[in-house]
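Here's the structure, in structure tokens; my notes come after.
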Amino acid sequence: MTNKIISRAGTNQFGGMARSAFAIKLEEMLPDLTKSEAAIARYLMLNEAAIGLETGASLAAKTHVSEITVSRFLRRLGYKGMQALKTDLSTSQVSNGLDLQGRHLRLLNDDLSRSLKHEAEAILDLAAQIAKPEWSNAIDVIANADDVSVTGFQTIRGLAEDFARRLSIVRGSVRFVSAHDAGLAEWIPSKRRAKDKKVLVLIDIIPYAREAEPMAKLCTEMGIDLVVITDETNNWAYPHTPHVFHASTRMGTFLESNGPMATLLNIALHEVAGRDPERVKQRLDSWPSLMRCLSLW
């Protein structure tokens with residue numbers, strides 16, 4: 001017997017679609033799922049609009065699990081297979097007035113247009129991430145910390161460094177840290193600042209960096225708060241922090257896209273600035289005099 005999805009979708013404060021009943025159901029199940037099941041659940045939550053294009057085999061490949069695991073998980077949800085899930089979701093989307101087919105037909109039917117479509121949908125899907133209560137908590141942690149560290153690895157390092165520079169405009173004591181560059185000397189305990197509140201914003205995508213999880217564990221040991229911004233299939237971060245947020249990276253292009261992740265980081269920056277507008281104004285008022293000293297203003 002299929003578990004029919006009763007629509008509870010609405011609009012959020014950003015004007016986008018709120019999480020569907022299907023996504024809410026999956027999120028409620030997460031604590032009781034195995035690691036493999038959780039990978040499937042999170043992928044379905046983040047890519048609900050595109051499930052109609054998936055097969056059991058493609059879903060297994062994208063979540064790095066076996067097709068048998070996908071089949072068993074669908075049965076656990078109450079579906080006999082992918083087609084039953086697609087039918088149920090399609091019915092739910094129609095009842096919500098989602099004109100997905102019409103929206104897709106307005107795009108040119110070529111590879112570039114498909115990639116652009118996936119990119120746009122991935123950005124819209126970020127609404128589900130920032131609607132989570134953990135998101136507001138994470139923004140408070142970043143805004144109120146005495147020290148903010150930012151790190152990123154491999155191809156995403158440049159984006160992490162850019163976020164650290166931009167975040168330093170709206171609040172003080174922000175720095176990019178790299179385990180390879182300075183061996184985390186920035187975290188050597190100081191008696192003078194022993195009681196300072198610290199947070200690490202860790203940005204990571206496939207292939208996940210070897211030093212990412214050890215740094216997360218070190219945060220727990222040192223009492224440093226942790227916020228993880230990552231891709232759609234990451235599961236390693238959840239044992240270390242409730243502040244884990246996903247952005248889709250797979251758009252069918254030659255390399256993974258950083259676009260949705262850059263958008264999510266920009267939203268985080270905007271919300272941190274909004275926590276203390278007066279502080280931001282004072283910083284911006286003080287900035288020109290520093291630039292003039294360097295003959296840059």
Side-chain angles (χ1 to χ4, degrees), residues 9-20 23-24 27 42-43 45-50 115-145 148-153 155-176 199-205 225-234 237-238 241-251 256-281 283-284:
T11 57
N12 57 37
Q13 60 178 320
F14 295 91
M17 293 304 298
R19 292 181 300 165
S20 68
I24 293 172
E27 186 167 10
R42 292 194 182 98
Y43 185 85
M45 290 163 60
L46 291 165
N47 298 277
E48 183 177 340
S115 297
L116 290 172
K117 178 195 71 177
H118 292 325
E119 189 97 22
E121 289 176 343
I123 291 174
L124 290 174
D125 286 343
L126 295 177
Q129 296 297 299
I130 62 180
K132 298 196 296 188
E134 292 84 0
W135 175 260
S136 181
N137 294 338
I139 297 301
D140 286 338
V141 167
I142 297 171
N144 297 327
V148 179
S149 297
V150 180
T151 195
F153 317 95
T155 58
I156 210 72
R157 172 170 173 155
L159 184 60
E161 289 179 308
D162 178 69
F163 176 68
R165 284 190 290 267
R166 287 158 57 86
L167 186 62
S168 68
I169 296 173
V170 303
R171 58 145 299 148
S173 300
V174 179
R175 56 189 169 188
F176 179 84
V199 61
L200 171 66
V201 180
L202 190 154
I203 304 168
D204 194 21
I205 63 170
D225 288 314
L226 177 64
V227 176
V228 177
I229 307 292
T230 187
D231 59 31
E232 61 266 53
T233 59
N234 185 313
Y238 280 90
T241 177
H243 302 135
V244 182
F245 308 100
H246 301 271
S248 296
T249 61
R250 297 177 180 180
M251 307 299 160
E256 292 86 356
S257 172
N258 295 344
M261 189 168 291
T263 299
L264 187 58
L265 289 169
N266 194 51
I267 293 171
L269 175 69
H270 173 75
E271 294 212 48
V272 170
R275 289 296 194 268
D276 194 344
E278 184 58 35
R279 177 179 65 178
V280 176
K281 181 179 183 302
R283 290 182 64 80
L284 292 178

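Below, all heavy atoms of this structure are taken into account, side chains as well, without hydrogens, waters or symmetry copies.
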Could you check whether any side-chain N or O of H246 sits under 3.5 Å from a backbone N or O of T230, counting only pairs where one atom can act as donor and the other as acceptor? no
Drop me the distance from R166's CZ to H270's NE2, to the nearest 0.5 angstrom. 12.0 Å
For the backbone of L46 and the side chain of E232, can you confirm whether one donor and one acceptor N or O come within less than 3.5 Å of each other? no
If you define the side chain from C-beta out and look only at heavy atoms, does anything of V199 sit under 4.5 Å from V227? yes
Within 45° cone of Y238 ring axis and under 6.0 Å: R42 NZ or CZ: yes
Can you tell me how far the CG atom of L167 sits from the OG atom of S173, to the nearest 0.5 Å? 10.5 Å
Nearest heavy-atom approach of V244 to A237 is CG2-CB, 3.9 Å
Go through it in stages, so that I can follow the logic: the residues are F245 and V228, the test is side chain to side chain contact (heavy atoms under 4.5 Å, CB included), and I'd like the CA-CA distance, side-chain angles, deciding distance and then a yes or no. CA-CA 6 Å; F245 308 100; V228 177; over 6 Å; no
Side chain N47, main chain Y43, donor-acceptor under 3.5 Å: yes
Heavy-atom side-chain contact between P260 and M251 under 4.5 Å: yes
Heavy-atom pair with the smallest gap, counting every atom of L126 and A247: CD2-CB, 3.9 Å
Got a donor-acceptor contact below 3.5 angstrom from the T241 side chain to the H243 backbone? yes
So M261 and L159, side chain to side chain contact (heavy atoms under 4.5 Å, CB included) or not? Walk me through it. CA-CA 9 Å; M261 189 168 291; L159 184 60; 4.1 Å; yes
Report yes if some heavy atom in the side chain of V170 is under 4.5 Å from a heavy atom in the side chain of L284; otherwise report no. no
Any chance you could measure I156, atom CD1, to L202, atom CG, to the nearest 0.5 Å? 11.5 Å
Is the shortest side-chain heavy-atom distance between L265 and I203 below 4.5 Å? yes
Is the side chain of D276 donor-acceptor paired with the backbone N or O of R279 at a distance under 3.5 Å, no angle test? yes
N/O donor-acceptor pair under 3.5 Å between S136 side chain and P133 backbone: no
To the closest 0.5 Å, what do you measure between CD1 (I267) and CD1 (I123)? 9.0 Å
Kindly indicate, with the supporting measurements, whether the criterion side chain to side chain contact (heavy atoms under 4.5 Å, CB included) is fulfilled by L264 and W135. CA-CA 11 Å; L264 187 58; W135 175 260; 3.7 Å; yes
Atom pair OG (S257) and CZ (R250), whose distance is rounded to the nearest 0.5 Å: 12.5 Å
Rounding to 0.5 Å, atoms OG1 (T155) and CG (N258) come to a distance of 6.0 Å
Side-chain donor or acceptor of R171 paired with backbone N/O of A145 under 3.5 Å: yes
Would you say N144's side chain and D140's backbone share a donor-acceptor pair under 3.5 angstrom? yes
Full working for side chain to side chain contact (heavy atoms under 4.5 Å, CB included) between R175 and V150: CA-CA 6 Å; R175 56 189 169 188; V150 180; over 6 Å; no
Donor-acceptor under 3.5 Å (R157 side chain, G152 main chain): no
